[in-house]
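Both backbone and side-chain heavy atoms feed into the values below; hydrogens, waters and symmetry mates do not. Numbering of ligands and ligand atoms starts at 1, following listing order.
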Amino acid sequence: MSPISLYDHTARQLRDLCAQYGLGESTEVAVAEFRELLGPGAGRPISESPAWRSEVADDHTPVEFSIAFSQRGRPVVRVLVEPVAQQPDPESMTNLAESLLQTLSDRHGLPLDRYCRLRDLFLGQRPREPFGLWFSLVLCPHAQPAFKIYFNPQAHGPEHAYDLVHESMHRLDLGAAYPVLAMHTLRRGHELDKPSFFALDLSADADARIKVYVSHLEAGASDVEAVAQGGRRVPPGVLREFCQIAGGAAGPFTNRPLISSYAFIASDTDRPSGYSLYLPIRDYVPDDAVAQCRVRDVLGRAGLDRDILDRALSAVTNRPLDAGVGLIAHVSLRMGRLRPGVTVYLSSEAYRVTPPRSMPRRWANAAT
Ligand code: TRP
């Protein structure tokens with residue numbers, strides 16, 4: 001039997017997830033898109049060490065699954081992918097990503113006008129680590145897959161990240177919203193509040209989003225409550241409760257940071273239309289069984305179906321949940337009028353399972 005490749009491992013997980021969410025016949029279409037997005041490097045056996053140290057996941061698997069739960073409608077399955085070249089180095093990785101983008105755009109008629117306005121800013125010079133371009137494949141039942149791309153605002157070094165965001169927003173006719181973003185996200189200085197992703201929905205719809213993500217080092221609930229004021233309609237107390245339930249405390253979160261994203265749409269350009277908070281739950285739990293309890297609690301309070309989470313977990317892994325930590329990588333709360341809900345990010349663990357760890361009681365007990 002031939003050894004299991006990265007593609008075999010992750011495609012099996014994706015098929016099982018799609019089966020759980022009733023994707024039916026569109027599953028094979030989705031898996032074919034996924035295969036292409038993974039790139040030629042994904043043929044390599046997972047028994048070998050990863051050819052590219054992707055930052056998509058902690059064990060360098062260049063794939064992460066997520067399930068977006070909403071009050072209205074069925075959950076949406078998504079996959080974050082960093083395409084891997086045959087001989088990966090920053091240049092071949094970026095070249096591959098750009099040629100895949102062109103292929104996808106030709107096949108699905110995806111608009112690349114926004115991408116073209118930003119391309120030279122993020123990818124123009126020598127490609128920078130940790131990444132050039134990431135993709136998200138968004139799978140809705142009975143619809144064509146949708147795509148999102150992520151640029152790296154650290155591409156010219158940390159000291160230029162806000163300038164890069166500013167210039168990008170200006171080129172996308174969102175310049176008027178930059179002061180709101182800077183005022184709310186930069187409160188503690190650019191060394192603690194760092195732009196980490198700049199994302200575009202590759203869609204011609206009026207509600208196609210532009211998203212700016214900022215990582216808040218050493219921040220707690222009150223810091224992100226202040227950041228969220230830059231968006232619209234964030235009811236008081238909601239973010240604090242989310243931190244307490246998912247993170248076990250109101251913070252500060254001194255391991256991996258809380259991340260905020262602001263979402264902008266073309267018809268609402270003076271400030272963000274949506275705000276999301278991402279909590280890297282894997283750093284604040286001893287194991288995934290505790291993470292599962294906490295996420296079930298988050299879903300229950302938001303009036304969402306907790307059992308769907310359990311089915312997603314069993315599609316992705318058959319290991320006992322208390323035998324490792326990091327399967328549930330992040331949980332996020334999406335707010336505002338665009339698509340409110342909860343998203344859960346699941347690791348593939350193709351290369352490695354992080355062993356459970358002992359934790360201070362204040363973190364570990366919070367779910368009970
Ligand atoms: N693995 C990286 C991190 O944890 C990037 C990443 C992947 C990420 N999926 C994410 C960041 C979801 C925020 C939310 O930061």
Side-chain angles (χ1 to χ4, degrees), residues 10 13-14 17 37-38 50 52-69 76-84 93 97 128-138 147-155 158 161 185 192-199 201 209 211-219 224 227 239 242-243 246-247 253-263 274-285 288 291 295 298 312 316 325-335 339 341-354:
T10 51
Q13 293 171 314
L14 183 61
L17 268 178
L37 262 188
L38 265 179
W52 174 254
R53 294 172 69 78
S54 177
E55 299 269 328
V56 164
D58 298 351
D59 69 344
H60 305 304
T61 308
V63 171
E64 184 185 69
F65 304 102
S66 55
I67 320 294
F69 297 85
V76 173
V77 177
R78 308 172 323 171
V79 208
L80 174 64
V81 179
E82 179 168 29
V84 182
M93 292 288 285
R128 287 286 192 126
E129 306 210 16
F131 75 101
L133 202 56
W134 285 354
F135 292 78
S136 189
L137 171 63
V138 183
F147 297 88
K148 194 170 150 182
I149 51 172
Y150 300 82
F151 288 111
N152 173 13
Q154 301 289 325
T185 62
L192 289 177
D193 294 317
K194 299 182 161 191
S196 35
F197 306 100
F198 194 101
D201 281 344
R209 296 158 310 164
K211 287 181 82 176
V212 183
Y213 297 71
V214 178
S215 300
H216 307 294
L217 278 62
E218 317 278 330
V224 289
V227 175
L239 296 174
F242 174 76
C243 289
F253 293 92
T254 53
N255 295 333
R256 279 193 182 76
L258 293 174
I259 300 180
S260 296
S261 79
Y262 281 159
Y275 173 81
S276 300
L277 175 64
Y278 305 77
L279 191 142
I281 188 169
R282 65 197 184 286
D283 273 8
Y284 302 97
V285 289
D288 283 302
V295 175
V298 169
V316 174
V325 63
L327 176 70
I328 306 183
H330 280 95
V331 53
S332 78
L333 189 64
R334 311 189 310 271
M335 317 198 66
R339 289 161 209 178
V342 170
T343 306
V344 185
Y345 297 79
L346 302 180
S347 305
S348 163
E349 300 186 329
Y351 293 114
R352 195 176 112 89
V353 174
T354 306

Under 4.0 Å between heavy atoms, the region of Phe197 that gets near ligand 1 turns out to be side chain

For atom 2 (C) of ligand 1, grab the closest protein heavy atom and report residue, atom and distance to one decimal in Å. Glu55 O, 3.3 Å

Given the side-chain rings of Phe151 and Trp134, with only the six-membered ring counted for Trp, is the space between their centroids under 6.0 Å? no

If every non-hydrogen atom of Val63 is compared with every non-hydrogen atom of Val79, which pair is closest and at what distance? CG1-CG1, 3.6 Å

Cationic N near anionic O, under 4.0 Å, Asp201 to Lys148: no

Arg282-ligand 1 polar pair, N/O distance under 3.5 Å: yes

Within 4.0 Å of some non-hydrogen atom of Leu80, the atoms of ligand 1 are 7 (C), 9 (N)

Flag the pair Arg53 and Asp59 as a salt bridge only when some basic side-chain nitrogen lies within less than 4.0 angstrom of an acidic carboxylate oxygen. no

Purely on distance, is any nitrogen or oxygen of Trp134 under 3.5 Å from one on ligand 1? no

Nearest-neighbour protein heavy atom for atom 15 (O) of ligand 1, which is reported as residue plus atom name and distance: His330 CE1, 4.1 Å

Does any part of the side chain of Glu64, heavy atoms only, come nearer than 4.5 Å to the side chain of Arg78, both counted from C-beta? no

for atom 6 (C) of ligand 1, nearest protein heavy atom and its distance come out as Val56 O, 4.1 Å

Step through it carefully: locate the ring centre of Tyr213, locate the ring centre of Tyr278, and say whether they are under 6.0 Å apart. yes

Looking only at protein heavy atoms, which one is nearest to atom 9 (N) of ligand 1, and how far off is it? Glu64 OE1, 2.6 Å

